[in-house]
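Numbered from 1 within each chain, the chains take letters A, B, ... in sequence-line order.
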Amino acid sequence: MELLEGLNEPQKEAVLYTDGPLLILAGAGSGKTRVLTHRIAFLISQMGISPWNILAITFTNKAAREMRERVDRIVGMGSEAVWVSTFHSCCVRILRRHIDRLGYSGNFVIYDTDDQKSLMKEIFQRQNINTKVYKEKGILAKISHAKEEGTGPSEYEKEARGEEELLTASLYREYQRRLQANNALDFDDLLVKTVELFEQYPEILADYQERFRYIMVDEYQDTNNIQFRFVSLLASRYRNLCVVGDDDQSIYRFRGANIYNILDFEDTFPETKVIRLEQNYRSTQNILEAANSVIRNNTERKEKTLWTENEPGSLIHFRQFMNGFEEAEYVAGEISSAHRSLDADYRDFAILYRTNAQSRMFEEKFVMSGIPYKIVGGVNFYARKEIKDLVCYLRTVANATDDLAVNRIVNVPRRGIGAATLTRVSEYAVSHGLSQFQAMENAREIPGIGRSLGKLEGFVRLIRVLRTKADDLSVSELLEEIIHQIGYVEDLEAEGTEESQARIENIDELISTAASYEELCKKEGSTPSLSGFLEEIALVADVDSVDEEDNHVLLMTLHSAKGLEFSRVFMVGMDEGIFPGQGTVLYGDDSDMEEERRLCYVGITRAKQDLTMTSARSRMLRGKIEELQVSRFVKEVPRDLVETGQVYTDTRKKLEQMRSSQIIGSTMKQVFSPALKRTKPENPGKPASLDYGPGDQVLHVKFGYGTVISIVDGGRDYEVTVDFEKYGTKKMFAGFARLRKC
DNA sequence: CGTAGTTTTGTTTTT
DNA sequence: CAAAACTACG
C-alpha cells in the first residue's frame with residue numbers, strides 16, 4: 001500500500017492499528033509525526049472514516065500547523081474537516097458554543113499570566129493582604145495547581161488545612177468570582193470549564209463523543225490531570241484513543257504534567273495495544289549514545305534504548321571556559337568560522353539554555369560578530385508593554401465588561417486620570433453592580449470625581465467612537481485607527497531612542513499579524529472578527545513563529561526546543577546550579593533531578609550532526625561572581641564519546657590565554673575521571689576478569705542477544721567479539737559495551 | 001497627578 | 001545586576 005511506503009515495521013503497525021486504545025512510545029526522532037499523519041490518512045482513505053470524526057491534539061500551535069499541512073498533503077480533499085488543534089484552542093472552540101450554560105457569555109476573553117497577576121493584585125489590595133507574607137504569584141500557582149487537579153473553590157475549601165490554605169481558598173473563590181464578573185477565563189479555566197460542561201451536560205458530551213470517534217493525542221507525556229479527564233471523557237464512548245509520547249521527554253511537571261498519565265496508560269485502558277518506536281532517524285550514533293547514557297540514570301521510566309542506522313558522526317564536544325563571556329565568544333566564533341568556510345548555514349545552529357536570562361550574553365556577542373539570530377521565548381511578544389496596551393484597547397472595544405483591560409488603558413497615553421479617580425470609579429462600580437466602563441459612562445453620578453469628570457468623559461467618548469467604527473473596519477484598520485487616535489506611535493517617535501524604535505517595529509508586526517489573520521480567514525472562508533483575532537493571539541506561544549526558512553541562528557530554552565531539530569546544537573551553561581538548576585540541586589528531590597535530566601535528554605536529542613556542551617568556571621549570578629562546577633549531566637556522557645579539544649584562545653592576548661588554557665586543560669581530566677566513577681561505579685575501565693567467555697550468551701543494550709566469539713586482552717581493556725542475532729558480528733571493548741551474561 | 005529617585009526583589013521552565 | 005515596585009516631592 002502506498003501509504004505505508006517508507007515506514008518501518010512498528011510504524012506500519014501503528015498506522016494500521018485503528019480500533020481501541022493505542023499507546024505509541026515514540027523515542028526522540030523516531031518519526032512519530034509521520035506515523036500520526038499517515039494514521040489519519042489511513043483512517044480516511046482506507047477505513048472510510050469521515051475526516052469530520054477525527055480529532056488530533058498537539059501541544060503547540062506550530063505542531064498543529066505542521067500536522068495540518070502534512071495531513072492536507074496526503075489526504076487532500078476533505079482534510080480540512082479534521083480537527084487538528086491544541087488542547088486550549090480545542091476547548092475554546094467548544095466553549096464559544098456552549099459556555100452560556102455555565103454563566104459566561106460566548107465572547108469571553110482569555111486572561112494571560114499578566115492579567116491574572118493584576119487581577120490577583122487588586123484582590124490583595126481590596127482584602128488588605130500582607131504582601132510580605134503572601135505573594136500573588138504563589139497564590140496563583142496554588143490555584144492553578146488546584147485547577148489542574150480539577151479541584152474547584154468549594155472543594156478546595158473543604159480540604160484546606162491551616163491558615164495559608166484557608167486564605168488561598170477564599171482568594172480562589174474571589175478570583176473565580178471576579179473572572180466570571182469580567183466574563184474572562186484564565187488558561188486553566190479553558191480546560192476546567194470544558195470538563196465541567198461535559199460533566200454537567202451529558203447530552204453535549206454525547207454530541208462530541210459521537211463526533212470525535214477517533215482521537216489522537218501527541219506529546220502525551222506532558223498532559224496534566226485535567227487534560228487527561230478531558231480526553232478520557234471524549235474517548236470513553238468509542239475508546240479509539242491513540243496517544244503518542246515519550247516518558248523520557250516529560251519536562252512539564254512544574255506545570256502539572258503527570259508523567260503517570262503515560263506510565264500508567266495501560267492500566268487505565270486495560271486493552272491497550274503498546275507499540276514502541278525505537279529507531280531514530282535524526283541523530284548520529286554518538287549523539288544518540290550520549291543521550292541514552294544520560295537518560296539511563298533515571299529510574300522512573302519505561303526501559304528502552306534508541307538506536308540508529310546513521311553514521312557514528314563526530315564526537316560530542318565539550319569546552320569549559322573561565323567565564324560566560326568567553327563561552328559566548330567561543331560559540332559566536334565557531335558559528336562564524338563554520339559559516340565562513342561554508343560548512344554550515346546560520347539556520348543549522350541552535351543555542352539551547354536552561355533559563356531565558358542566559359540569552360543576553362550570546363545576543364550581545366552575535367550582534368558584535370554580525371551573526372543573524374533570533375531569540376525564541378523570553379518575554380512573550382503579546383506580553384510586551386506596547387503590544388499589551390494596544391491589545392487592551394481592542395479588548396475594551398470588543399468586550400464592555402473587561403475591567404482589567406479598561407483599567408490598563410484608561411490612562412495610556414496620559415490623560416490625567418490617576419489612582420484616586422480610579423478608586424472612586426471602582427467603588428461606584430462595585431456598589432452599583434456595574435462594570436468599570438459602565439461606571440465611567442455614569443461618571444457624572446460618582447461622588448468626589450471633581451476635575452477628572454471631563455477627562456473620563458473624553459475617554460468614554462473615544463471608546464464609543466472606536467466601537468462604532470469597529471463595525472465597519474477590519475481588525476487591522478481598527479488597530480491603525482486606535483494608534484492614530486491616541487497618537488501612540490507619534491509618542492514613541494518623539495522619544496527617539498533605540499528602544500522606542502523597537503517598539504514601533506513590534507507594533508508594525510502586530511498590525512501585520514492582524515492583516516494576515518484576515519487573509520487566513522478569507523482563505524478558510526470564515527469571517528474575521530475582533531474576538532476571533534483576540535482569541536488567536538491569546539493562545540500563541542513564541543515557538544509557534546519559528547520559521548525554518550529564515551536563515552538565522554536560533555536561541556531558546558531547552559523547553560522551547562522540544563519537538564524541533566537542528567544540525568548543530570550548542571548546549572550552553574552546563575554547570576551545576578544552572579543546569580541542573582540551583583533549586584533542584586539544593587532543595588529538589590530525586591524526581592526533580594530526573595526531570596532536569598529528561599530536559600538534558602531532550603536537548604541532546606535535538607542535534608542531528610553535531611553537539612557541543614559548554615560550561616564556565618565562574619559566572620555572574622544575581623550580581624555576584626559565583627564559582628561553578630561542571631554539570632553532572634556532562635559527566636554522565638561516557639568519556640569515549642567526548643572530545644575536549646584545543647581550548648579556544650582569544651586572539652587579543654595570546655600569552656594569558658595560553659596560560660588559562662593550560663589551566664583549563666589540566667582541569668579537564670579531573671572533570672571526567674570522577675565522573676565515570678560516579679555514574680558507572682560498576683564499570684571502572686578494565687575489569688579484573690570477565691564473567692563471560694567464548695560461547696556464552698550475552699545481552700547488549702543496543703544490539704540485543706548474541707554469542708561471544710572471542711576475547712582478546714587489549715591491555716587497557718578486553719576486546720570482545722560477539723555474534724549478535726540481529727546485527728551480526730561486532731567487535732567492542734568490554735569496559736564500554738557492558739555486556740551482561742545470560 | 002506625574003516624575004524622578006530610591007528600595008526591594010528575584011531565577012527556572014510555558015499552553 | 002537588573003527590573004519592578006514604592007516613595008517623596010514638585
Side-chain angles (χ1 to χ4, degrees), chain A residues 57-64 85-92 110-114 116-117 121 125 131-132 135-138 141 144 147-148 185-191 218-219 222-224 226-227 230 250-257 324 352-361 376-383 385 411-423 450-452 455 537-544 556-563 573 577-588 592 595-596 598-600 602-603 619-626:
Chain A
I57 295 176
T58 61
F59 205 65
T60 63
N61 293 298
K62 179 175 153 63
S85 74
T86 63
F87 273 107
H88 296 271
S89 52
C90 177
C91 287
V92 170
I110 300 162
Y111 276 7
D112 66 14
T113 347
D114 253 24
Q116 288 177 282
K117 239 194 262 168
K121 212 169 157 186
Q125 269 163 11
T131 50
K132 288 276 182 292
K135 302 262 165 276
E136 291 95 339
K137 254 173 102 181
S144 175
K147 288 182 177 181
E148 279 153 6
L185 302 185
D186 66 17
F187 275 123
D188 301 311
D189 279 343
L190 296 176
L191 268 304
D218 194 10
E219 307 281 13
D222 287 322
T223 52
N224 60 32
I226 192 83
Q227 289 167 333
F230 171 75
S250 168
I251 55 174
Y252 284 103
R253 201 176 65 138
F254 69 93
R255 156 180 114 178
L352 307 182
Y353 36 76
R354 182 64 233 268
T355 63
N356 280 305
Q358 292 170 258
S359 66
R360 182 169 266 153
M361 212 169 274
V376 178
V379 192
N380 189 327
F381 180 77
Y382 293 100
K385 292 161 221 67
N411 205 27
V412 176
R414 305 263 130 77
R415 277 184 261 266
I417 302 170
T421 309
L422 284 180
T423 313
R451 288 184 299 284
S452 304
K455 295 166 183 170
I537 64 177
L539 296 173
V540 297
D542 222 26
V543 256
D544 294 336
M556 67 182 98
T557 62
L558 289 152
H559 281 90
S560 304
K562 195 182 67 168
I578 294 189
F579 185 36
Q582 203 177 19
T584 311
V585 174
L586 295 179
Y587 318 109
D592 292 321
E595 172 128 333
E596 294 274 313
R598 290 193 291 269
L599 193 54
C600 182
V602 167
R619 286 182 197 274
M620 191 74 112
L621 291 171
R622 272 199 235 87
K624 282 202 173 78
I625 292 173
E626 305 267 3

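- Across all strands, A/Phe59 comes closer than 4.0 Å only to sugar-phosphate atoms, never to a base (heavy-atom distances).
- With rounding to whole Å, A/Ile110 atom CD1 is found 14 Å from B/dT15 atom P.
- Here B/dT15 is the nucleotide among B/dG10, B/dT13, B/dT15 with the atom lying nearest to any side-chain atom of A/His88.
- Among residues two or more places apart in sequence or in another chain, the side chain to side chain contact (heavy atoms under 4.5 Å, CB included) test is passed with A/Arg253 by A/Asp589, A/Ser591, A/Asp592, A/Glu595.
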Check the interface with nucleotides 1-7 of chain C: list each N/O to N/O pair with the protein under 3.5 Å, or write none.
| unit_1 | atom_1 | unit_2 | atom_2 | d |
| --- | --- | --- | --- | --- |
| C/dA3 | OP1 | A/Arg360 | NH2 | 3.4 |

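- Applying the side-chain hydrogen bond (donor to acceptor under 3.5 Å, both in side chains) rule to A/Arg360 yields no partners; only residues at least two apart in sequence or on another chain are considered.
- Checked against side chain to side chain contact (heavy atoms under 4.5 Å, CB included), A/Ala64 has the following partners two or more places apart in sequence or in another chain: A/Thr58, A/Val84.
- Aromatic ring orientation, A/Tyr252 versus A/Phe59: tilted (interplanar angle from 30° to 60°).
- Here B/dT11 is the nucleotide among B/dT11, B/dT13, B/dG10 with the atom lying nearest to any side-chain atom of A/Lys137.
- When rounded to the nearest whole Å, the span between CG of A/Leu586 and C1' of B/dT11 equals 13 Å.
- Listed by chain and number, the residues in a salt bridge (Lys or Arg N to Asp or Glu O under 4.0 Å) with A/Glu596 are A/Arg354 (sequence neighbours excluded).
- B/dT15 atom P lies 14 Å from atom CD of A/Glu148, rounded to whole Å.
- For A/Thr557 and B/dT14, the shortest distance from a side-chain N or O to OP1 or OP2 is below 4.0 Å.
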| message | Can you give me the dot-bracket string for DNA chain B, 5' to 3', counting Watson-Crick and G-U wobble pairs with both distances under 3.5 Å, using [ ] for crossing pairs and | for partners on another strand? | response | ||||||||||.....
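- Between A/Glu595 atom CD and B/dT14 atom C1' the separation is 12 Å, expressed in whole Å.
- Proximity of A/Ser560 to the phosphate of B/dT13: no side-chain N or O atom is located under 4.0 Å from OP1 or OP2.
- Put simply, NZ on A/Lys562 is 10 Å from P on B/dT15, counting in whole angstrom units.
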Can you tabulate the close N/O pairs, meaning under 3.5 Å, that link protein atoms to atoms of nucleotides 1-7 of chain B?
| unit_1 | atom_1 | unit_2 | atom_2 | d |
| --- | --- | --- | --- | --- |
| B/dC1 | OP1 | A/Gly418 | N | 3.2 |
| B/dC1 | OP1 | A/Thr421 | OG1 | 2.7 |
| B/dC1 | OP2 | A/Ala420 | N | 3.4 |
| B/dG2 | OP1 | A/Gly416 | N | 3.1 |
| B/dG2 | OP2 | A/Asn411 | ND2 | 3.4 |
| B/dT3 | OP2 | A/Arg414 | NH1 | 2.7 |

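- At a threshold of 4.0 angstrom between heavy atoms, the contacts of A/Asp222 with the nucleic acid are absent.
- Side-chain atoms of A/Arg415 never come within 3.5 Å of backbone atoms of A/Lys455 as a donor-acceptor pair (strictly under, hydrogens ignored).
- A straight line from OH of A/Tyr252 to P of B/dT15 spans 6 Å, rounded to a whole angstrom.
- Residue A/Asn356 has a polar side-chain atom (N or O) positioned under 4.0 Å from OP1 or OP2 of B/dT13.
- In this structure, A/Asn61 places its CG atom 15 Å from P of B/dT14, rounding to the nearest Å.
- Residues A/Phe87 and A/Thr584 each lie close to DNA chain B; by heavy-atom proximity, the contact nearer the 5' end of the strand is made by A/Thr584.
- A/Thr355 pairs by the side chain to side chain contact (heavy atoms under 4.5 Å, CB included) definition with A/Ala357, A/Gln358, not counting sequence neighbours.
- For A/Asp188, there are no salt bridge (Lys or Arg N to Asp or Glu O under 4.0 Å) partners two or more places apart in sequence or in a different chain.
- Not a single side-chain hydrogen bond (donor to acceptor under 3.5 Å, both in side chains) links A/Ser359 to another residue, sequence neighbours left out.
- Taking atom OH of A/Tyr382 as the reference point, atom P of B/dT15 lies 13 Å away to the nearest angstrom.
- With sequence neighbours excluded, the residues forming a side-chain hydrogen bond (donor to acceptor under 3.5 Å, both in side chains) with A/Thr421 are A/Ser452, listed by chain and number.
- Although no hydrogens or angles enter the test, the distance criterion places a donor-acceptor pair under 3.5 Å between the side chain of A/His559 and the main chain of A/Ile251.
- Nucleotides C/dC6 and B/dT11 place their C1' atoms 22 Å apart, quoted to the nearest Å.
- Listed by chain and residue number, A/Asp389, A/Tyr488 satisfy the side chain to side chain contact (heavy atoms under 4.5 Å, CB included) test with A/Val412 (two or more places apart in sequence, or in another chain).
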